Amino acid sequence: MTTTVQVGASAPAPAAGRRLGTWEDDALCAQTDPEAFFPETGQSSRQAKQICAACPVRTECLDYALAHRGLTGVWGGLSPHERAQLRNQP
Ligand code: SF4
């Protein structure tokens, strides 16, 4: 059984709606600036990607994001566009 924990409406996607006992428990973004994971058009996602690079659950996060199309923001160190490109690779 899993329990949902609301971290905050503005929390990064992996951190928002966390379920205890899952990889989201170790999401580094839950401890950081959530706005960095949702850069405005034309703004850099560099800060979020640096955080993701150090995240212990990056692989799990990216796998989840690749399996769930339509997610916004940076997941697993990749932007939505970068995830789409990765999905389309042969
Ligand atoms: S890889 Fe990035 S977006 Fe995914 S849980 Fe870790 S910090 Fe959050």
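In listed order, ligands and their atoms are each counted from 1. No hydrogens, no waters, no symmetry mates; every other heavy atom, side chains included, goes into these values. All of these numbers come straight from a predicted model, not from anything done at the bench.
Salt bridge annotation for E82-R87: absent, with no cationic side-chain nitrogen under 4.0 angstrom from a carboxylate oxygen.
Annotation for ligand 1: atoms under 4.0 Å from non-hydrogen atoms of A27 are 5 (S). When each atom of ligand 1 is checked for a heavy atom of C55 under 4.0 Å away, the hits are 1 (S), 5 (S), 6 (Fe), 7 (S). In summary, the atoms of ligand 1 found under 4.0 Å from a heavy atom of V74, numbered by their order in the structure, are 3 (S). Applying the 4.0 Å criterion to heavy atoms of G76 picks out, from ligand 1, the atoms 1 (S), 3 (S), 4 (Fe).
Cluster membership check: F38 shares its hydrophobic cluster with I51, using side-chain heavy-atom separations under 4.5 Å among Ile, Leu, Val, Met, Phe, Trp and Tyr.
Atoms CZ and CG, on R83 and L71 in that order, are 6.0 Å from each other to the nearest 0.5 Å. Separation of atoms CD (Q47) and SG (C52) is listed at 10.5 Å; rounding is to 0.5 Å. Annotation: the span from L78 atom CG to R58 atom CZ amounts to 6.0 Å, rounded to 0.5 Å.
Of all the heavy atoms of L62, none lies under 4.0 Å from any atom of ligand 1, so neither backbone nor side chain is involved.
Distance check for C29 against atom 2 (Fe) of ligand 1: none of its N/O/S atoms falls below 2.8 Å. For C52, every N, O or S atom stays at 2.8 Å or more from atom 6 (Fe) of ligand 1.
Between W75 and Y64, the two ring planes are parallel [angle under 30°; tilted spans 30° to 60°].
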